[in-house]
There are 4 protein chains.
Amino acid sequence: MPRRGPNNGGDKRDRILRAAVKIFSRNGFFNSKVSEIARASGVADGTIYLYFKNKDDLLISLFEEKMGEVVADVRRRLAAGGSAIDKLRIFIENHMDLLERESGLVEVIMVELRQSTKFLKDYTPVKFFEYLEVISDILEEGKREGAIRPDLNVSVARRAIFGALDELCLTYVLSGKRKYHPSVTAAEVCRLLLEGLCVPGADVGKG
Amino acid sequence: MPRRGPNNGGDKRDRILRAAVKIFSRNGFFNSKVSEIARASGVADGTIYLYFKNKDDLLISLFEEKMGEVVADVRRRLAAGGSAIDKLRIFIENHMDLLERESGLVEVIMVELRQSTKFLKDYTPVKFFEYLEVISDILEEGKREGAIRPDLNVSVARRAIFGALDELCLTYVLSGKRKYHPSVTAAEVCRLLLEGLCVPGADVGKG
Amino acid sequence: MPRRGPNNGGDKRDRILRAAVKIFSRNGFFNSKVSEIARASGVADGTIYLYFKNKDDLLISLFEEKMGEVVADVRRRLAAGGSAIDKLRIFIENHMDLLERESGLVEVIMVELRQSTKFLKDYTPVKFFEYLEVISDILEEGKREGAIRPDLNVSVARRAIFGALDELCLTYVLSGKRKYHPSVTAAEVCRLLLEGLCVPGADVGKG
Amino acid sequence: MPRRGPNNGGDKRDRILRAAVKIFSRNGFFNSKVSEIARASGVADGTIYLYFKNKDDLLISLFEEKMGEVVADVRRRLAAGGSAIDKLRIFIENHMDLLERESGLVEVIMVELRQSTKFLKDYTPVKFFEYLEVISDILEEGKREGAIRPDLNVSVARRAIFGALDELCLTYVLSGKRKYHPSVTAAEVCRLLLEGLCVPGADVGKG
DNA sequence: TATGAATGAGACTTCATTCAT
DNA sequence: GATGAATGAAGTCTCATTCAT
């Protein structure tokens, strides 16, 4: 039976990752000190370097491993079946809901992933691409089912969908979690994405 | 009377701001050194502190002043008139086009504004809110014209629209400006936002 | 009864010492990590501290024990007999030859012994003094035989002889073992030491 | 008129170099802390990095610049003229004498130059080679004058001479400057090098 | 004996900011 | 106003050593 004590809540590497999520989300990557993460993990500074090459590697590992869990989780939820439209709803609700369940993680990914993707040499956000892939898969399925416009550019659409969700999460976080509750927002954004801004049958010009 | 010489075509303060855009967009805020910006502006390190309180203030001033120009510019373009739908198209095209005209500036805003909004004490991104306001104004106008759904939540929609555009710009930049050319993307995202993902008349569930 | 297995042909302590010679000669004492030596010895880091007090002690033990073998070895060779001049030749040839046979060891002694003798508290290089003693013994014997100048200051001469040999070894090592092959050098330096720089009978002044 | 105060004894860069000589000679390169040198120079830690790329560069600059002065100085002394034998005497006396005049510098060069030559990438001890060149020049001149054996291998001899002097200096330093005073040693080693160990006319074997 | 994960003190170095000129 | 040399606080990372197993 695993012991339960302050320093035995789990594997040391994982304790460090979880502390990093907390500290990075609170202060941002550049304003976070490795020693802070060490303190929050209950390990010595040097211990962090037994598990991670350096501070950058800690952030990247965090992205890939935690994002990997997110991807696996949403895929599991989607596997239950239903129409593509249902799945898109589930995906969106799951994304917005993540902010309640894994608040710190989402904040780190939202705020730091851009920096890292742009400025860290040799880092490809593999698991993030997989997350986008989940959206593509749904959209393609929707096309096959005849629910989604066959001429939709999936590459552009999946980015637009992710961007919309991401910005809404960010708004929620930056408002101090006071405005636009995720569940409300999810319904609203679903309708926007599925039906668009216009009243049905409106003339949108150019065609 | 302002002198006119080789290095005086612009005000020294503005030279610093323009250099900061260049350096911040290339390296990111935290990896940029004040002395680098000084060198790129052709002024001494200390001179920067005559015009800006500190490095943070330089970034914030950059946001507010440059973003102010962007807002004024897009408002001017929209003033020409047309339907709300036309205006939304113009807004979107203008946003995507910015990436060609003001590449560095857009990159800084995309990548650094989040950090700053989240972590800089006492900074409210006033001009950024005005930019969102431009979207709201268009949407409200569309409602009045009867082109946009009257039950649309404008607060959510404007964020979603901005998020979608922002993510598409980011994709373009991170791809090394090779994928999804802004003008192509603009048309695609316009249609997505106006008409939605679904085929017209499709049953999107929930009533 | 000592076990005989692949990794037990030598005593563990000796494996560590031999690995230390290799690592120290390659990287220098300060740039060598204890864990590197552990890996090269095939033991755990902590095991080194069962046999040596600390990193310094490892270096000192290495000096004394390995140097002890060198001294015993050269004494054995000299015991065969011959004139003092013959013995000096043997000594010099043996010294230069060591560089081929025990390259790493000689490099460590040349490069690290000075540091250690100067900066390590409480370290007297006993075996190194014995090596110098071997030279003294030869020189004294030469005096008794009448081959070496009776007024020679043996203390100075033995240091000068060692210094000359040492510098020539160093040159060989630092040249990447391309210049001044030890055997060639040995002959040359023998003649220099025995006969001096001058042509026989030359007036060297002051006398 | 230059002010004379604790912090105005000269150019800042030179103050740092002189402090480095003192600290390196006392503790050795690896045991010396940059902050110690800063304190001894009367500058802030960071100031050192305005003048030197890093700690290694400080040591290398020290070698080359100070050694350059030593070479220039001995060349000036030798320019007065005299026979090659006289010049060799002057060179040797000057070398041994350096230990009194520039004790710290000589100690650093003796103890640290080897390490650096062996382990620092991309460092060629240019000025040290020039010092050896001074010896070669004297020996070649001696050959032309007919005072020095024409078959002497100058490359080997100059190293042997340097090595002998170096070791004698080292002995003096390590003895706590109690044994073998430089001036005594100089005379003794001169005679050894010029006339050799043997009694004149002795049979040294091999021909 | 042997292990090797963990420790934590301490080094080097950077860089935003100041201030005498 | 303008300069840029100087500052020094602070952060990342290393590595000799320990000790529970």
Side-chain angles (χ1 to χ4, degrees), chain A residues 7 11-13 15-16 29-39 41-58, chain B residues 3 7 11-13 16 29-39 41-59, chain C residues 7 11-13 16 29-39 41-59, chain D residues 7 11-13 16 29-39 41-58:
Chain A
N7 273 349
D11 174 65
K12 202 161 284 192
R13 184 189 152 90
R15 283 203 343 253
I16 295 170
F29 178 74
F30 283 101
N31 293 314
S32 299
K33 285 164 264 169
V34 171
S35 62
E36 252 182 311
I37 295 170
R39 198 175 340 110
S41 326
V43 302
D45 292 23
T47 304
I48 291 188
Y49 293 86
L50 295 178
Y51 296 97
F52 304 94
K53 207 149 42 70
N54 51 38
K55 197 186 169 191
D56 281 0
D57 184 45
L58 177 51
Chain B
R3 284 192 292 143
N7 264 345
D11 170 66
K12 200 164 280 191
R13 185 171 195 285
I16 295 170
F29 177 74
F30 283 100
N31 293 314
S32 297
K33 292 169 236 166
V34 171
S35 64
E36 248 182 313
I37 295 169
R39 196 173 344 107
S41 328
V43 303
D45 292 22
T47 304
I48 290 185
Y49 291 86
L50 297 175
Y51 294 98
F52 303 94
K53 202 147 49 71
N54 51 37
K55 196 186 171 191
D56 282 359
D57 183 44
L58 178 51
L59 181 63
Chain C
N7 266 345
D11 169 67
K12 200 164 283 193
R13 186 173 196 283
I16 295 170
F29 177 73
F30 283 101
N31 294 313
S32 298
K33 291 169 237 166
V34 171
S35 63
E36 248 183 314
I37 294 169
R39 196 175 342 110
S41 328
V43 303
D45 293 21
T47 304
I48 290 185
Y49 291 85
L50 297 175
Y51 295 98
F52 303 94
K53 202 149 47 73
N54 51 36
K55 196 185 169 191
D56 282 359
D57 183 45
L58 177 52
L59 181 64
Chain D
N7 272 350
D11 173 66
K12 202 160 283 190
R13 183 189 154 90
I16 295 169
F29 177 74
F30 283 100
N31 293 314
S32 299
K33 284 165 266 169
V34 171
S35 62
E36 252 182 311
I37 296 170
R39 198 176 337 111
S41 326
V43 303
D45 292 23
T47 304
I48 291 187
Y49 292 86
L50 295 178
Y51 295 98
F52 304 95
K53 205 148 45 67
N54 50 37
K55 197 186 169 191
D56 282 0
D57 183 45
L58 177 52

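In what follows, every chain begins at residue 1, and chains take the letters A, B, ... in the order their sequences are listed.
Using modelled atom types, one side-chain atom of C:S41 and one backbone atom of C:I37 make a donor-acceptor pair closer than 3.5 Å. For the pair D:K55 (side chain) and D:F29 (backbone), a donor-acceptor distance under 3.5 Å is present.
Taking atom CZ of residue C:R39 and atom C1' of nucleotide F:dC15, one finds them 13 Å apart after rounding to whole Å. Put simply, CZ on D:F52 is 15 Å from C1' on F:dA6, counting in whole angstrom units. Atoms CG (A:L58) and P (F:dG11) sit 16 Å apart, rounded to a whole Å. Atoms NZ (C:K55) and C1' (F:dA16) sit 8 Å apart, rounded to a whole Å. One can place CD1 of D:I37 at 12 Å from C1' of E:dC12, the figure rounded to the nearest angstrom. Note: CD (B:E36) to C1' (E:dC15) measures 11 Å, nearest angstrom. Look at OH on D:Y49: it is 18 Å from P on E:dA16, rounded to the nearest Å. One atom, CZ of D:F30, and another, C1' of E:dC12, lie 13 Å apart when rounded to the nearest Å.
Between D:I48 and D:V34, the closest heavy-atom pair is CD1-O, 3.7 Å. Across every non-hydrogen atom of A:V43 and A:R15, the tightest pair is CG1-NH2, 3.6 Å. Nearest heavy-atom pair across A:F52 and A:D57 is CA-OD2, 3.5 Å.
Residues A:F29 and D:I48 both approach DNA chain F. Their nearest nucleotides, taken by heavy-atom distance, put D:I48 toward the 5′ side. Sequence order on DNA chain E of the closest nucleotides to B:K53 and D:K53 puts D:K53 first from the 5' end. Comparing B:D56 and D:D56 against DNA chain E, the residue whose closest nucleotide sits nearer the 5' end is D:D56.
The side chain of B:N54 approaches E:dT17 more closely than any other nucleotide in the set E:dT3, F:dC13, E:dT17. Listed nucleotides: F:dT17, E:dA16, E:dC12. Nearest to the side chain of B:K33: E:dA16. For B:Y51, taking side-chain heavy atoms from C-beta onward, the closest of the listed nucleotides F:dC13, F:dG1, E:dG4 is F:dG1. Closest to the side chain of D:A44, out of F:dG8, E:dT18, E:dA5, is F:dG8. The side chain of C:L50 approaches E:dT3 more closely than any other nucleotide in the set E:dT3, F:dT17, F:dG1. Distance from the side chain of B:V34 is smallest for E:dT17 among the nucleotides F:dC13, E:dT17, E:dT1. With E:dA16, F:dC13, F:dT3 as the candidates, the nucleotide lying closest to the side chain of A:D45 is F:dC13.
Phosphate proximity of F:dA6 to D:T47: absent, as no side-chain N or O sits under 4.0 Å from OP1 or OP2. In terms of phosphate contacts, B:K12 brings no side-chain nitrogen or oxygen within less than 4.0 Å of OP1 or OP2 of F:dG1.
Under the Watson-Crick or G-U wobble criterion, with both distances below 3.5 Å, F:dT21 is paired with E:dA2.
Taking the centre and axis of the six-membered ring of D:Y51, the NZ or CZ atom of D:K12 falls outside the cone set by 45° and 6.0 Å.
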